[in-house]
Amino acid sequence: MYNIIDFKIALGRIEMYLTSRGYSVEYDSNTYYVDTNSDSIHAPKQYMYTEKSLCALLHEAGHTQCPNSELLSIYRHAKSDQALVIEQEYLAWSKGLDIARELNIATPAFTRVYKCEWIRHWSSYINIGMDPAFKIMAQPYRDASRVINLG
């Protein structure tokens, strides 16, 4: 799909996009995540030039653009945590695809790969069911929010 030069161009565009919004990209982790305390996105270095890594970085970039959820203002319980995580993950994938289009890296082939990754990851949150882990997964959204937590 992409040759190494195209990967480097796409990766450079994503990194420039994030830098222009005050985020740094650090290739120092076992997983992808946004650290709101240091305004950085962490990613594994070993997957830097793969389609999945571009998808994951775009998804994390999408998280930086997601608005606070209306669900943050309701009483906290297992269902609201699950709904919050599912909502924010969906929005981040959607925003990530918008960013890819804005950066002109959303070729038809890449868009197909991105959408497959989107469905694979997002549906995993639905398949978890009412797992207690949602309380832990919801906490970063609650911590980053300016909405008063009533629960």
Side-chain angles (χ1 to χ4, degrees), residues 1-72 80-129 131-147 149:
M1 180 168 321
Y2 279 139
N3 61 41
I4 192 69
I5 293 170
D6 291 333
F7 272 113
K8 287 182 178 182
I9 290 169
L11 185 63
R13 288 180 184 175
I14 296 167
E15 288 174 348
M16 283 177 34
Y17 174 89
L18 288 163
T19 301
S20 72
R21 283 155 179 77
Y23 289 87
S24 63
V25 180
E26 308 292 334
Y27 297 96
D28 62 354
S29 176
N30 295 337
T31 187
Y32 297 89
Y33 67 95
V34 177
D35 182 346
T36 55
N37 293 325
S38 65
D39 290 334
S40 58
I41 293 181
H42 296 269
K45 186 173 187 167
Q46 67 267 31
Y47 303 117
M48 189 185 271
Y49 298 116
T50 66
E51 292 165 344
K52 290 182 180 185
S53 72
L54 294 178
C55 294
L57 279 175
L58 286 165
H59 168 73
E60 297 306 327
H63 275 297
T64 70
Q65 301 302 304
C66 287
N68 284 333
S69 174
E70 292 291 328
L71 300 175
L72 291 168
S80 66
D81 284 345
Q82 182 182 24
L84 174 63
V85 170
I86 290 171
E87 173 203 43
Q88 291 296 299
E89 291 300 318
Y90 181 88
L91 288 173
W93 282 104
S94 180
K95 296 277 187 189
L97 186 54
D98 291 343
I99 293 166
R101 290 176 176 139
E102 178 183 331
L103 299 176
N104 295 317
I105 59 175
T107 65
F110 179 75
T111 300
R112 274 192 302 280
V113 170
Y114 187 89
K115 288 179 179 179
C116 287
E117 286 296 295
W118 178 352
I119 294 199
R120 185 170 70 86
H121 287 279
W122 188 69
S123 64
S124 69
Y125 292 105
I126 295 169
N127 293 336
I128 290 174
D131 192 302
F134 276 113
K135 183 174 185 176
I136 296 165
M137 291 187 296
Q139 196 58 47
Y141 303 119
R142 293 184 182 285
D143 291 345
S145 169
R146 292 185 183 90
V147 177
N149 183 8

Closest non-hydrogen contact found for L18 with A61 is CD2-CB, 3.7 Å

With the side chain counted from C-beta on, respond yes when Q46 and Y27 share a heavy-atom pair under 4.5 Å apart, and no when they do not. no

Determine, step by step, whether V25 and L57 satisfy the side chain to side chain contact (heavy atoms under 4.5 Å, CB included) criterion, reporting the C-alpha distance in whole Å, the side-chain angles of both residues, the deciding distance to 0.1 Å, and the verdict. CA-CA 9 Å; V25 180; L57 279 175; 4.3 Å; yes

Might you point out which heavy atoms bring R120 and S123 nearest each other, and give the distance in Å? O-OG, 3.4 Å

Has the side chain of Y114 got a donor or acceptor atom that lies under 3.5 Å from a matching backbone atom of W93? yes

Please determine whether side chain to side chain contact (heavy atoms under 4.5 Å, CB included) holds for the pair L58 and L97, giving the CA-CA distance in whole Å, both sets of side-chain angles, and the decisive distance to 0.1 Å. CA-CA 7 Å; L58 286 165; L97 186 54; over 6 Å; no

As an exercise, state the distance from CD1 of I9 to CD1 of I14, rounded to the nearest 0.5 Å. 12.0 Å

Heavy atoms only: give me the nearest N37-D35 pair and the separation to one decimal. N-OD1, 2.9 Å

Do R13's NZ or CZ and the ring of Y17 fall within the cation-pi criteria of under 6.0 Å and 45°? no

Can you tell if the side chain of S20 reaches within under 4.5 Å of the side chain of M16, non-hydrogen atoms only? no

Test applied, side chain to side chain donor-acceptor pair (under 3.5 Å); reference residue, H59; option that passes from E117, E89, H121: E89

Checking side-chain polar atoms at under 3.5 Å, does E60 have a donor or acceptor matched by the opposite partner on H42? no

CD on E15 to NZ on K8, rounded to 0.5 Å: 11.5 Å

Please assess I41 against Y32 for the test side chain to side chain contact (heavy atoms under 4.5 Å, CB included), listing each intermediate value before the final yes or no. CA-CA 7 Å; I41 293 181; Y32 297 89; 5.7 Å; no

Does atom CD1 of I4 have more than 12 heavy-atom neighbours from other groups under 6.0 Å away? yes

Applying side chain to side chain contact (heavy atoms under 4.5 Å, CB included) to L84 and E87, what does each step give before you reach the verdict? CA-CA 5 Å; L84 174 63; E87 173 203 43; 4.0 Å; yes

How close do S40 and Y23 get, heavy atom to heavy atom, and via which atoms? N-CD2, 4.0 Å

How about D28: does its CG atom have over 12 heavy atoms from other parts shown lying under 6.0 Å from it? yes

Can you check whether Y90's main-chain N or O pairs, donor with acceptor, with S94's side chain at less than 3.5 Å? no

Could you measure the distance from the CZ atom of R101 to the OG1 atom of T111? Nearest 0.5 Å is fine. 6.0 Å

Which heavy atom in W122 sits nearest to a heavy atom in I86, and how many Å separate them? NE1-O, 3.0 Å

Check C55 against V113 and note the closest heavy-atom contact, atom names and distance. SG-CG1, 4.0 Å

